[in-house]
Amino acid sequence: MLKKKLIVTVISVVCIGGYLEYWGYSKAHEYQLPISDLEKEVIAHLKEEYPKASIKEVESGYSTKGKEYYINIIYSDEPNVRYSYTKENNKIKLWGTTNSKGKYMDEPSGNSNKLLS
């Protein structure tokens with residue numbers, strides 16, 4: 001009896017684990033294409049807007065609250081300031097920053113002054 005319970009438990013764990021792994025894999029790939037495209041667009045925009053700037057770090061994500069993709073940029077000469085960009089009305093816009101007096105500020109758009117954590 002104990003052997004049957006063990007076998008059923010192992011099979012259940014393997015099946016549930018396999019399902020969760022498949023679901024996680026498909027969700028990760030669902031977001032990968034839009035984010036990589038947005039990263040390319042943001043970097044191209046920044047190179048055009050600030051040709052002398054050197055980008056140190058690029059991080060992408062999805063805001064479940066705002067229901068939009070964003071790209072975080074850290075510049076080499078401002079390693080403690082994070083700029084977040086998104087695409088709004090088919091244009092790359094500054095979505096937020098950790099320092100409103102940073103060197104790389106775009107023209108203000110409705111919500112560009114909000115601080116991100």
Pairwise side-chain contact, [X] with [Y], heavy-atom cut-off 4.5 Å (strictly under):
X: Ile55; Y: Ile74; value: no
X: Val58; Y: Asn72; value: no
X: Thr97; Y: Arg82; value: no
X: Leu38; Y: Lys87; value: yes

### Thr9/Ile11 under side chain to side chain contact (heavy atoms under 4.5 Å, CB included): CA gap, chis, key distance, verdict
CA-CA 6 Å; Thr9 302; Ile11 290 173; over 6 Å; no
### Message
How close do Thr98 and Asn80 get, counting heavy atoms only, and between which atoms?
### Response
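Smallest interatomic distance, heavy atoms only, reads OG1-O, 3.9 Å.
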### Query
Taking all atoms of both residues into account, what is the closest heavy-atom pair of Met105 and Ser100, and its distance?
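Heavy-atom minimum between the residues: CE-O, 3.7 Å.
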#### Entry: Between Trp95 and Glu88, a side-chain donor and acceptor under 3.5 Å
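Not at all, the side chains of Trp95 and Glu88 share no donor-acceptor pair under 3.5 Å.
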### Message
Side chains of Tyr83 and Glu78 only: does a donor on one sit below 3.5 Å from an acceptor on the other?
### Response
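A donor-acceptor contact under 3.5 Å links the two side chains.
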### Task
Taking side chain to side chain contact (heavy atoms under 4.5 Å, CB included) as the test, write out the residues that go with Ala53, two or more places apart.
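Partners of Ala53 by the side chain to side chain contact (heavy atoms under 4.5 Å, CB included) criterion, ordered by chain and then number, come out as Tyr50, Tyr75, Tyr104.
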### Task
Go through the structure and list residues passing side chain to side chain contact (heavy atoms under 4.5 Å, CB included) with Ser54, not counting sequence neighbours.
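Residues passing side chain to side chain contact (heavy atoms under 4.5 Å, CB included) with Ser54: Ser76.
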### Query
Within the distance-only criterion (no hydrogens, no angle test), does the side chain of Thr86 pair as donor or acceptor with the backbone N or O of Tyr69 below 3.5 angstrom?
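It does hold such a pair.
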#### Entry: Check: Lys101 main-chain N/O paired with Asn99 side-chain donor or acceptor under 3.5 Å
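It does hold such a pair.
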### Task
State which residues pass salt bridge (Lys or Arg N to Asp or Glu O under 4.0 Å) with Glu57; sequence neighbours excluded, sorted by chain then number.
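With neighbours one apart ignored, the set is empty.
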Atom pair [atom1]/[atom2] of [X] and [Y] - distance to nearest 0.5 Å:
X: Glu59; Y: Glu39; atom1: CD; atom2: CD; answer: 9.5 Å
X: Ile43; Y: Ile73; atom1: CD1; atom2: CD1; answer: 5.5 Å
X: Leu94; Y: His45; atom1: CG; atom2: NE2; answer: 8.5 Å

